[in-house]
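Accompanying notes for the structure given below.
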Amino acid sequence: MQFSVKTNAKEVSRRIGKKGKELSASVRRALSITAQAGVGIIEDRTAKGRGFKGGFFKKYNPTYAAFRSKRGRGSTPDLQFTGKMLGSITTKANSKQAVIFFTRAAEAKKAAMNNKSRPFFGFNRKEEKQLGQVFFRNLK
């Protein structure tokens with residue numbers, strides 16, 4: 001998943017007084033920290049059983065809820081049976097963009113299936129604004 005931080009050019013140019021490699025390293029560091037904050041947002045929101053589009057996740061079907069119950073898990077949808085899927089979310093950043101992705105293909109496949117019925121992998125406008133603030137706080 002890729003996300004963008006919206007801002008105006010005047011603010012960026014005002015806050016950035018450096019050139020060349022220093023600027024590139026500063027932006028890369030800020031993007032990396034911002035992406036990690038994004039992972040935190042996704043994990044926290046998902047643990048509460050909420051999707052990024054708003055509202056709670058739809059309930060598990062009765063068969064799966066019974067299976068979870070037998071395994072000692074709750075019936076509230078939080079997309080965490082073993083924790084491997086959300087645990088495999090990671091980030092990488094360069095001086096132009098940051099990417100949030102899954103490290104293992106099996107977990108990415110699970111996430112894609114879950115995201116169809118319970119959208120969790122993304123950000124709403126409020127969260128994008130928070131990420132923009134994180135970016136600018138860490139831009140040095």
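- Taking every heavy atom of both residues into account, Pro77 and Phe57 meet most closely at O-CD1, 3.5 Å.
- Between Phe102 and Met85 the shortest side-chain heavy-atom distance falls below 4.5 Å.
- A distance of 12.0 Å separates CD of Gln130 from OG1 of Thr34, quoted to the nearest 0.5 Å.
- Considering every non-hydrogen atom in both Phe120 and Asn114, the closest pair reads CE2-CB, 4.1 Å.
- The nearest pair of heavy atoms linking Ala35 to Ile100 is O-CD1, 3.7 Å.
- Checking side-chain atoms of Glu43 against main-chain N and O of Gly40 turns up no donor-acceptor pair under 3.5 Å.
- For Phe81 and Phe67, the ring centers are positioned less than 6.0 Å apart.
- The OG1 atom of Thr76 lies 7.5 Å from the NZ atom of Lys59; values are rounded to the nearest 0.5 Å.
- Considering CG of Leu79 and OG1 of Thr46, their distance stands at 6.0 Å, rounded to 0.5 Å.
- Salt bridge annotation for Lys110-Glu107: present, with a cationic side-chain nitrogen under 4.0 angstrom from a carboxylate oxygen.
- Residues Lys92 and Phe101 meet the side-chain proximity criterion, which asks for heavy atoms closer than 4.5 Å.
- Here the shortest heavy-atom pairing between Arg45 and Gly122 reads NH2-O, 2.8 Å.
- The side chain to side chain contact (heavy atoms under 4.5 Å, CB included) search around Asn138 returns Arg29, Ala30, Ile33, Val134, not counting sequence neighbours.
- Side-chain N or O atoms of Arg118 include one that pairs as donor or acceptor with a backbone N or O of Lys58 at under 3.5 Å.
- Distance check, rounded to the nearest 0.5 Å: CZ of Arg125 to NZ of Lys129 gives 12.0 Å.
- Side-chain atoms of Arg73 come within 3.5 Å of backbone N or O of Arg71 as a donor-acceptor pair.
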*Show your working on side chain to side chain contact (heavy atoms under 4.5 Å, CB included) between Asn124 and Lys53 and close with a plain yes or no.*
CA-CA 6 Å; Asn124 59 37; Lys53 294 182 178 179; over 6 Å; no
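- Using a 4.0 Å cut-off between charged nitrogen and carboxylate oxygen, Asp78 and Arg68 count as a salt-bridge pair.
- If you take NZ on Lys84 and CZ on Arg104, they are separated by 7.0 Å, rounding to the nearest 0.5 Å.
- A 4.5 Å side-chain heavy-atom check between Val99 and Thr91 finds every atom pair outside the cut-off.
- Note that NZ of Lys126 and CD1 of Ile41 are 10.0 Å apart. Values are rounded to the nearest 0.5 Å.
- Following chains of ILVMFWY side-chain contacts shorter than 4.5 Å, one can reach Val39 starting from Phe123, so the two form part of one hydrophobic cluster.
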